[in-house]
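Proteins get letters first, then strands, A, B, ... in listed order; numbering begins at 1 in each. Keep in mind the model is a prediction, meaning the values are calculated, not measured.
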Amino acid sequence: MAKDKKLVEAITSMDTDFAQWYTDVVKKAELIDYSSVKGCMVIKPAGYAIWENIQKELDRRFKETGVENVYMPMFIPESLLQKEKDHVEGFAPEVAWVTHGGLNPLQERMCVRPTSETLFCDFYANDIQSYRDLPKCYNQWCSVVRWEKETRPFLRSREFLWQEGHTAHATAEEAEERTIQMLNLYADFCEEVLAMPVIRGKKTDKEKFAGAEATYTIEALMHDGKALQSGTSHNFGDGFAKAFGIQYTDRDNKLQYVHQTSWGMTTRLIGAIIMVHGDDSGLVLPPRVAPLQVMVIPIQQHKEGVLERAEELKAMLAKAGIRVRLDDSEKSPGWKFSEQEMRGIPIRVELGPKDIEAGKCVLVRRDTREKIECTLDKVTETVEELLDNIQHAMYTRAKAHLESHISDVKSYAEFQDAVENKPGFIRAMWCGSEECEIKIKEDTTATSRCMPMKEEEAVADVCVCCGKPAHKLVYWGKAY
RNA sequence: CGAUGCGUGGCUCAGCUUGGUAGAGCGCUGCGUUCGGGACGCAGAGGUCGCAGGUUCAAAUCCUGUCGCAUCGACCA
């Protein structure tokens, strides 16, 4: 009993306090530490390794579509930031300024990039001359700074890691095509690799990116029923091109403006993984992003031959390309079990003298805690199969959670009731006016998340807020 | 930016009301016994009490100021 109690105290239960649970998991799984700079975090090896896996997989997928990586400066002169009006207005409140170089004040202050549209545009203005230079499909991996007031590990920090893709195209059609292509790439990535189902949709004008013509988003649903914007893809049309003078000469020797896109994903995804898959014992990582897929835990490791057999087992799994480690520390097995669970490692392999004698081992899957006996000669294939099962089971579970947390509402009363009592997405019709959007937000704190791209049947024919005719279906919800 | 809370060994905190020169649990180090759900014994190391002033013979404790962090709201990936 005393032992159980200790376990329970380690991580706050989700149902008791979801926010505290999140913080506990982040720390117990050793993903981050708070730093002495407010709102900035130290990403520890366990957290950074997840990001590296995300990077590796995304980067590969980007390159398959013809994207190349570049690196831009981290400083933006004020004059450059101000070239596109909506863009500055959107970002000015949250940029950090550099005013001095060494001891001397700068002629012009510079902000630390909150995003690099302006830098890419400035560069493209010179780099693009002819239709032969198009399209340009560049991406950069970097960190950006936004001086947030309220910060939370991974979900909102003052500095965060991300990738930002910036493309320039000859035609509006091509730009739109790229915008959608990247949105789908993001969605597929989330579903296939992170086992996280998402709603693909378009943002309303109110919610779109500062300076964009259209913003597309993928919205995921967290365990507590709140939405998390998990990736965005913007079509800029020729707005930035006109502000920055990005023109090319077409085949007919006429000057044309380019059409641009940008798209990004951030370390926030790690927050999403935690809140979609985690449980009261800690993190649960989908095998495909898990830095460690298997932890081998020897029982009575001091006994003759146990560690040797465990090493062999580890080597065998490693040889098959499985990311595996042996926990041969002096901790007790129970400690190691808890540790492996908090860290979300998908499979634990227990190996003790009894197993060795019987020529088997015990596999325990993290997602269901199911224990599986397995003969030692079949470990590799069983583990491979199990990793695959876990990946799919996690997706299926998350998908079921998403689908069972979507409410259709027709009236404003129903809407308010749903916001209060039915955590999750709310599907409701909207007339298209910003007033209704604002009113809904003020009344309920729910915001419009997106208008789904997939054809979906209308819930009603009038706006849920004002009652005027409406044909836009919107997913609403409380969001992080 | 508003509200709230918190700053004392690595962590969580007690001590402050009533001033007298710093404690506990966990963690850490060493040795030994343990090992199938956070084991135990013994011996140790580790703190100018967030910072700066002030009051006092004497300040973690009282006074003034200041800084930082966390949580919750408004804004945002």
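- Residue A:Ser157 is classed as a base contact, given a heavy-atom separation below 4.0 Å to a base.
- Among the protein residues, A:Thr151 comes within range of the sugar-phosphate backbone only, with heavy atoms under 4.0 Å from sugar or phosphate atoms but none that close to a base.
- No engagement by A:Lys27 is indicated, since no non-hydrogen atom pair under 4.0 Å with the nucleic acid exists.
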* To do: Apply side-chain contact (heavy atoms from CB on, under 4.5 Å) to A:Val289 and A:Leu194, showing your working.
  => CA-CA 7 Å; A:Val289 267; A:Leu194 307 185; 3.4 Å; yes
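- For A:Glu341 against B:rG37, a side-chain N or O and a base N or O form a donor-acceptor pair under 3.5 Å.
- The minimum heavy-atom distance linking A:Phe62 with A:Leu185 is given by the pair CE2-CD2, 3.7 Å.
- The base of B:rG36 has none of its N or O atoms less than 3.5 Å from a complementary donor or acceptor on the side chain of A:Arg348.
- Base pairing analysis places B:rU33 opposite B:rA39; the two distances defining the Watson-Crick or G-U wobble pair are each below 3.5 Å.
- Between A:Trp51 and A:Trp141, the ring centre distance stays below 6.0 Å.
- No contact: A:Glu159 has no heavy atom under 4.0 Å from any strand.
- Note on A:Tyr34: every side-chain N or O is 4.0 Å or more away from OP1 and OP2 of B:rC6.
- At a threshold of 4.0 angstrom between heavy atoms, the contacts of A:Gln229 are confined to the sugar-phosphate backbone, with no base atom among them.
- Across every strand in view, B:rG9 sits unpaired, with no contact that passes the Watson-Crick or G-U test at under 3.5 angstrom.
- Across all non-hydrogen atoms, the minimal contact from A:Pro114 to A:Val144 is O-CB, 3.6 Å.
- Of the two residues contacting RNA chain B, namely A:Gly334 and A:Tyr480, the nearest-nucleotide position lying further toward the 5' end is that of A:Gly334.
- Rounded to a whole Å, the CZ atom of A:Arg152 is 10 Å from the C1' atom of B:rC72.
- At a threshold of 4.0 angstrom between heavy atoms, the contacts of A:Ile297 with the nucleic acid are absent.
- The side chain of A:Lys371 approaches B:rG37 more closely than any other nucleotide in the set B:rC72, B:rG37, B:rC75.
- The partner of B:rA45 is absent, by the rule that a Watson-Crick or G-U pair needs both atom distances under 3.5 Å.
- Nucleotides of RNA chain B nearest to A:Lys336 and A:Glu94 differ in position, and the one nearer the 5' end is that of A:Lys336.
- Phosphate contact (OP1/OP2 of B:rC28, side-chain N/O of A:Lys331, threshold under 4.0 Å): present.
- Across all strands shown, B:rA3 is found opposite B:rU71 as a Watson-Crick or G-U wobble partner, with both distances under 3.5 Å.
- Within 4.0 Å of A:Phe160, counting heavy atoms only, lies at least one base atom of the nucleic acid.
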* Under the side-chain contact (heavy atoms from CB on, under 4.5 Å) rule, what do A:Glu57 and A:Arg61 come out as? Steps first, then yes or no, please. => CA-CA 6 Å; A:Glu57 183 60 23; A:Arg61 292 180 184 223; 2.7 Å; yes
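- Looking at heavy-atom distances under 4.0 Å, A:Lys354 makes contact with a base.
- Summarising the base pairing, B:rG53 is matched to B:rC63 through a Watson-Crick or G-U wobble pair whose two defining distances lie under 3.5 Å.
- Counting non-hydrogen atoms of neighbouring residues, nucleotides and ligands closer than 6.0 angstrom, the CD atom of A:Glu52 exceeds 12 such neighbours.
- Close to B:rA39, at under 4.0 Å from its OP1 or OP2, lies a side-chain N or O of A:Ser332.
- When heavy atoms are screened at a 4.0 angstrom cut-off, A:Val362 is found touching base atoms of the nucleic acid.
- Of all nucleotides listed (B:rG37, B:rG36, B:rG73), B:rG73 comes nearest to the side chain of A:Glu150.
- At a threshold of 4.0 angstrom between heavy atoms, the contacts of A:Phe209 with the nucleic acid are absent.
- Within 4.0 Å (heavy atoms only), A:Arg158 reaches no atom of the nucleic acid at all.
- Between the side chain of A:Thr368 and the main chain of A:Glu370, a donor-acceptor pair closer than 3.5 Å is present.
- Base pairing of B:rC16 is not made with any nucleotide, judged by Watson-Crick or G-U wobble geometry with both donor-acceptor distances under 3.5 Å.
- Pairing of B:rG27, defined by two Watson-Crick or G-U wobble distances under 3.5 Å, is not identified with any nucleotide.
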